[in-house]
Amino acid sequence: MNAAQFPAREPTDWTTDAMQRRIRARYRAEKRFRIYGLFAVLLSAGFLAFLLITMLSSGARGFTQTEIALPVDFAASDIFLEPAQLEGGDRDQLLAGADFQGLAEQTAIDAYGEDGTMLISNGAWLRLREAVADDPELLRREERIWVQASTEVDFAARGADGLHMTDERRAMIDRYAQLEADGNVRRGLSWTFLSSADSSDPTLVGIWGAFKGSLLTMIVTIALAFPVGVLAAVYLEEYAPKNRWTDLIEVSINNLAAVPSIIFGLLGLAVFINTFHLPRSAAIVGGLTLALMTMPVIVIAGRNAIKTVPPSIRDAALGVGASPVQVLTHHVLPLSLPGILTGTIIGMSRALGETAPLLLIGMRAFVPSPPSGFTDAATVLPVQIFLWSDELDPGFVEKTSAAIIVLLVFLLAMNGIAIWLRNKYEQRW
Amino acid sequence: MNDEIAAPATDRIAIPPETLKMTARDVDVFYGAKQAIEKVSIDIGMDHVTAFIGPSGCGKSTFLRTLNRMNDTIPIARVTGQIELDGENIYDASMDVVQLRARVGMVFQKPNPFPKSIFENVAYGPRIHGLSTSKAELEEIVEKSLVRAGLWDEVKDRLTESGTALSGGQQQRLCIARAIAVDPEVILMDEPCSALDPIATAKIEELIHELRGRYAIVIVTHNMQQAARVSQRTAFFHLGTLVEYGETSDLFTNPQKERTKDYITGRYG
């Protein structure tokens, strides 16, 4: 064939109507496409803003508490302890034997009338005991002690907004106004919430137990999943021969990353608790279970990151006489670290928010004191949120929201550290 | 072509034993079942720049990479025959490949500085081989290498900047500085100018002139003018075999083999 066989063509007229229409249609299509993108961004930003605003507005109150003053006359009370007795070694025992609960209830009745006990939290008497433990001299005199108010008072402090109003509630709001006028109530940041663990009374619950449980669990998870995941990725990329076995391993790891998390929970129960007899409900078992779940994500991200290191860098290092391990540790790993960290962020975020597998290994237990180590009974933030959201007492609603805020802050802090590390090691080519 | 059965291809070269650096005898290289290099025997002298020329795919780069065992990194590559550096077989089990690559340095086709500072690029080799005992000594090695690579004046005020921020020609000279920082005996250059513009190329060629005599230099090029400009000896490869090896001036003006003549006169390439 040669060019002469083709008929001669008219020169293209770029100014015809059809051409102009095509140009306009193209511009419209581009504009439309940009608007779709913008709309998607706005929609997701809107969802995020909605989530944050709802959480912050209802959760902020969870961090506060209402306190009520009790004028306690220790000297005239039924507590027959002398300050001198409390200097000795059996102090805790003596304090435990004394009826501070009765004293608190009696004082409330004396100060606020027949239904005075309704105004104070069930755990208010603990404050009296702590006060005496701190200062035994209190036993000789009368002292105004601030104790946690009951949920009813706490709600009355909020005013009439948004709640289903009953006569009792209306009465309580009026009563609160009176108490406030007399200076017998105050509101403030709840140290109880920040420093204690679960409780059946919403005025006494704290997030510290679940927070510490999450922290311990995450430490176990990252300590296991990160090194094992990175080493597995390095081996598969750098050393493993390419054969049927490595293909099989690769497929298995990819599938493992997609296994529903509850199945990992069953695995953890069967392996760590039933076979290795590790303690139930403990952070170490939770961490091990979540590590199993996080590892494949890190392996996959790590392999992809290692693959993107250009071969010319390996050649360069080998060319000046670096050993294979030096090539790996001096060049390949530092260059793939940002990618590995991205995978780690994704895996750890998923692990932090995971509830289902932890329920199976017993981390949904009622744990009234913060765990002091990896083998202590503990719960984690998402499980705590799940448990509180299930409670009937309306006082738990804002505690749940507050716990969600704590979880989100934990997540942001963890990701913030990882992103900071990633940016620190990111190299410009 | 009746030159196929002629005497060994190296017959036009007589390298005095005292300047002999590397020798290769009957080297075959296979990639899987495919033979890339067939029965190549060549002597490389200390005082000269040796150029390997030939059309694309003739095996000149493959053969170059056997000289410091860079082919080891390709799992399917297999090398047979004997290659000696100062009389030692480099494929012997007792030869440490890390030390070999320190003694036989390499510069690659595409400039490949590490994404680290200029100083770190040059200091890397001496550091991993423990060639300096103090920071001052290391700094001296870096300066000396950059001076020899003709880059010192351009970078002395910005040693902490990234090596990848330099221009292509500067990057390639940085790679040469990196190679000479470990004080090698032989430098292999695999088409070092193919990614560079003519001015940067001229600078590299000038540099090769200056480095001659201090190091045995072997350069692979597909540019015959470059081979003629920088080398004293030229080996012509074709289809995995060494066709002809001789003094550069001789080979270009008076090729003995028909294939060499066809190639340098531009019949194929």
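Proteins get letters first, then strands, A, B, ... in listed order; numbering begins at 1 in each.
Between K135(B) and E139(B), at least one side-chain N (NZ, or NE/NH1/NH2) sits under 4.0 Å from a carboxylate O, which counts as a salt bridge. The residues R244(A) and D247(A) are annotated as not salt-bridged, no charged nitrogen and carboxylate oxygen being separated by less than 4.0 angstrom.
Residue F114(B) touches chain A through both its backbone and its side chain, counting heavy-atom pairs closer than 4.5 Å. In this structure, chain A has no heavy atom under 4.5 Å from any part of R127(B).
Taking the six-membered ring for Trp and the full ring otherwise, H331(A) and Y124(B) have centroids separated by under 6.0 Å.
Top candidate by heavy-atom pairs under 4.5 Å with chain B, chosen from S312(A), A316(A), P311(A), is A316(A).
Partner of V29(B) under the side-chain contact (heavy atoms from CB on, under 4.5 Å) criterion, chosen from T80(B), T66(B), V40(B), I74(B): T66(B).
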